[in-house]
Amino acid sequence: MPLARPDLRPDPSLSRDEMEALQRDIAAAATFDDDHALDPAGVAVSEAASLADGLPPARDGDQACLDAGTDSATAHDADAPVVVGVDQAFRTDRADAPDAAVSAAVAFRDGDVIEYASATTPLSIPYVPGLLAFREGGPILAALDALDADPDLLVCDGSGRIHFREAGLATHVGVLHDVPSVGVAKSLLCGEPDEPTDERPAGWRTPVRAGDAVTTAETGTVIGHAFQSRQYPTSKRVNPLYVSPGHRVSAASAVDLVDALCAGYKLPEPTRLADAYADAAKRDEE
DNA sequence: GCGACAG
DNA sequence: ATCTTGTCGC
């Protein structure tokens, strides 16, 4: 499907100032309200997929469909919302060749995977905090391009509104496609949690508010949540997730949606599967 | 000048 | 993100 805003693509060749200016445009074009009809219960994933069963083999820029009907006798609603998780693995080439990003997009409907897609894209710029979309945005768009399914919700690995200019990776990708999106990060880029996040029980959450680092929002604005998706009864402690709105989703709905997409593991299933598929696709190339 | 900083 | 075996705990 074509981009809704091709003019806002994250061009890696822009100067730093131009990148930041583009992010302000992205934030201005983004919506952090529930301008959709996504019900957490309607996208919930109840059973975690076994990654040991092996994922479908992938060729670059290719998508893999699943054998229909052989497994669960569940009647799939063709109208149910499609949730797509995107993630990437990185390949370090030998010597002269540039590194490459192997992106994966995994589509879910009714709690089950309906399609896998991946794409390999050369990386042009290094990782710079705050400018992640200019490094990984292109690769992600390539994976989404290889996907046949049309997403009703995108789950990105990284922040959305929790960003210096409220234009993190999830927000950027969401605006480009004008599709509801949420950002799921494993560490906090900026912002301040209302309460300490240490050793919290599963299901616990606290708002993350904008501080001085967030230049486009008033201090105190809720830009996301720290969310304890999983926790062990004793000893070892699991770090919380940092969930934020990407586009067309409120901060409250973003956590509720991610909560519904979790099935026993720290990461929501769409992200967990996309992570595994990106790794598998990378290994298949070696 | 120093610190902080998704993947 | 990536380099990697064992190991602690449910």
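Throughout, protein chains are lettered first and strands after them, A, B, ... in sequence-line order, and every chain is numbered starting at 1. Just so we're clear, the structure is a prediction, and the values are computed from it rather than from any experiment.
B:dG7 atom C1' lies 9 Å from atom CG of A:Leu169, rounded to whole Å. Rounded to a whole Å, the CD atom of A:Gln88 is 14 Å from the C1' atom of C:dT2. Summarising the geometry, the separation between CD1 on A:Ile26 and P on B:dA6 is reported as 20 Å, rounded to the nearest angstrom. Per the geometry, OH belonging to A:Tyr127 stands 11 Å off P belonging to C:dA1, to the nearest Å. Put simply, CZ on A:Phe164 is 12 Å from C1' on B:dG3, counting in whole angstrom units. Between A:Tyr242 atom OH and B:dA4 atom P the separation is 16 Å, expressed in whole Å. We find that CG of A:Asp87 is positioned 12 Å from C1' of B:dA6, with the value rounded to whole Å. Atom CZ in A:Arg91 sits about 13 Å away from atom P in C:dC3, given to the nearest Å.
Here the nucleotide nearest the side chain of A:Lys282, chosen from C:dA1, C:dC3, B:dC5, is C:dC3. When the nucleotides C:dT2, B:dC5, B:dG7 are ranked by their closest atom to the side chain of A:Arg135, B:dG7 comes out on top. For A:Lys186, the listed nucleotide lying nearest its side chain is B:dG7; candidates were B:dG7, B:dA6, C:dT2.
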Could you give me the CA-CA distance, side-chain angles and deciding distance for A:Ser15 and A:Glu18, then say whether side-chain hydrogen bond (donor to acceptor under 3.5 Å, both in side chains) is met?
CA-CA 5 Å; A:Ser15 66; A:Glu18 291 173 324; 3.3 Å; yes
Yes or no on side chain to side chain contact (heavy atoms under 4.5 Å, CB included) for A:Arg5 and A:Ile26, after CA distance, side-chain angles and deciding distance?
CA-CA 10 Å; A:Arg5 298 299 302 272; A:Ile26 286 291; over 6 Å; no
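Geometrically, A:Arg135 does not engage A:Tyr127 in a cation-pi contact, judged by NZ or CZ lying under 6.0 Å from the ring centre and within 45° of the ring axis. Cation-pi contact between A:Arg237 and A:Tyr232: absent, since separation from the ring centre below 6.0 Å together with deviation from the ring axis within 45° is not met.
Note on A:Ile140: nothing from the nucleic acid sits closer than 4.0 angstrom, heavy atoms only. Residue A:Ala89 is classed as a sugar-phosphate contact, given heavy-atom separations below 4.0 Å to backbone atoms only.
Stacking is not found between A:Phe90 and the pyrimidine-like six-membered ring of the C:dA1 base under the 5.5 Å centre-distance and 30° plane-angle cut-offs.
The residues A:Glu166 and A:Arg24 are annotated as not salt-bridged, no charged nitrogen and carboxylate oxygen being separated by less than 4.0 angstrom.
Between A:Ser187 and B:dG7 there is a side-chain N or O to OP1 or OP2 distance below 4.0 Å.
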